[in-house]
Amino acid sequence: MFCVNCFNKATSVTNSRGNKKQPQIWRRRKCPHCGVIFTTYERPSLAENKPVHLNTGGTEAFNLGKLLLSISRSFSHSPRDAAYSSFHLAQSVEDILSTEREIITPEDIAATTHQVLRRFDESAAMQYALHHSLITSTRKRRGRPSLS
């Protein structure tokens, strides 16, 4: 790991801890050249570890960028949340998928994303569900006379 201060290519790890709730490692690093101490957080990349099994029988790498854009589109009612929260929500989905699933399908990604969005913003979850066809039934109004 390079130093964030002087860009020296060799730093030493002085302390390291795993996170109990997320697949993440916290490391305290020190640069031998300038003496700066800084912290890094390391996470496994889902794209390199688990392929997405497509319905056509093929596989492709998990793409965090696609997920980020999909989540961002669901915040049409709140551009601020689209700009500031989409990345962290996409990382949350990636963390859940990397720890809970052996095989990942596009349906798993959509369902997990919808679940994460429901906990964060119900309107965004509804937009996401509509866009990804997760809502299958429509509610019919009763008691209204037809206009025909």
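Keep in mind the model is a prediction, meaning the values are calculated, not measured. Positions are given from 1 along the sequence. For the numbers below, each heavy atom of this structure counts, side chains included, while hydrogens, waters and symmetry mates do not.
Using a 3.5 Å distance cut-off with no hydrogens or angles, the side chains of H131 and S70 do not pair a donor with an acceptor. A donor-acceptor pair shorter than 3.5 Å cannot be found between the side chains of R27 and T40. For the residue pair T105 / D108, a side-chain donor-acceptor distance below 3.5 Å is found, with atom types taken as modelled.
Side-chain contacts under 4.5 Å among hydrophobic residues (ILVMFWY), followed directly or transitively, place Y84 with no other residue at all.
Distance check: S86 OG to R73 CZ gives 10.5 Å after rounding to the nearest 0.5 Å. Expressed to the nearest 0.5 Å, how far CG of N15 lies from CZ of R17 amounts to 4.5 Å. Note that the CG atom of D121 and the CD atom of Q127 stand 10.0 Å from one another [nearest 0.5 Å]. Rounded to the nearest 0.5 Å, atoms CE (M126) and CZ (R118) are 9.0 Å apart. Rounding to the nearest 0.5 Å places CG of N63 at 9.5 Å from CD1 of I109. For the atom pair T113 OG1 and E94 CD, the distance stands at 11.0 Å (nearest 0.5 Å).
A donor-acceptor pair is defined here as one N or O able to donate and one able to accept, closer than 3.5 Å; no such pair exists between the side chain of S78 and the backbone of F75. For the pair T11 (side chain) and C31 (backbone), a donor-acceptor distance under 3.5 Å is absent.
Remark: R119 CZ is packed, more than 12 non-hydrogen atoms of other residues, nucleotides or ligands lying under 6.0 Å away. The number of heavy atoms from other shown groups lying within 6.0 Å of NE2 (H77) is above 12. The local environment of CE in M1 is crowded, with over 12 non-hydrogen atoms from other residues, nucleotides or ligands closer than 6.0 Å.
L67 is not connected to L69 by any chain of hydrophobic side-chain contacts under 4.5 Å among Ile, Leu, Val, Met, Phe, Trp and Tyr, and they are in different clusters. Using a 4.5 Å cut-off between side-chain heavy atoms of Ile, Leu, Val, Met, Phe, Trp and Tyr, with links allowed through other members, I104 and L68 fall into the same hydrophobic cluster. Residues L134 and L97 are members of one and the same hydrophobic cluster, defined by side-chain heavy-atom contacts under 4.5 angstrom among Ile, Leu, Val, Met, Phe, Trp and Tyr.
Ring planes of F2 and F7: parallel class, angle under 30° (limits at 30 and 60°).
Nearest heavy atoms, L64 versus Q91: CD1-N, 4.4 Å. The shortest non-hydrogen separation linking S85 to F120 is OG-CZ, 3.5 Å.
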Q) Run the salt bridge (charged side-chain N to carboxylate O under 4.0 Å, His left out) check on E42 and R29 step by step: do they pass? A) CA-CA 12 Å; E42 299 172 14; R29 297 179 178 271; 2.8 Å; yes
Q: Using the side-chain hydrogen bond (donor to acceptor under 3.5 Å, both in side chains) rule, take R28 and T39 through it: C-alpha gap first, then chi angles, then the decisive distance, then the call.
A: CA-CA 5 Å; R28 180 76 64 182; T39 303; 2.9 Å; yes
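Taking 4.5 Å as the limit, every side-chain heavy atom of T59 sits out of range of all side-chain heavy atoms of V52. Side-chain contact between L117 and S74 is present, with at least one heavy-atom pair separated by less than 4.5 Å. Within the 4.5 Å cutoff, the side chain of L54 has heavy atoms near those of the P106 side chain. With contacts defined as side-chain heavy-atom distances shorter than 4.5 Å, the pair N8/C34 does not qualify.
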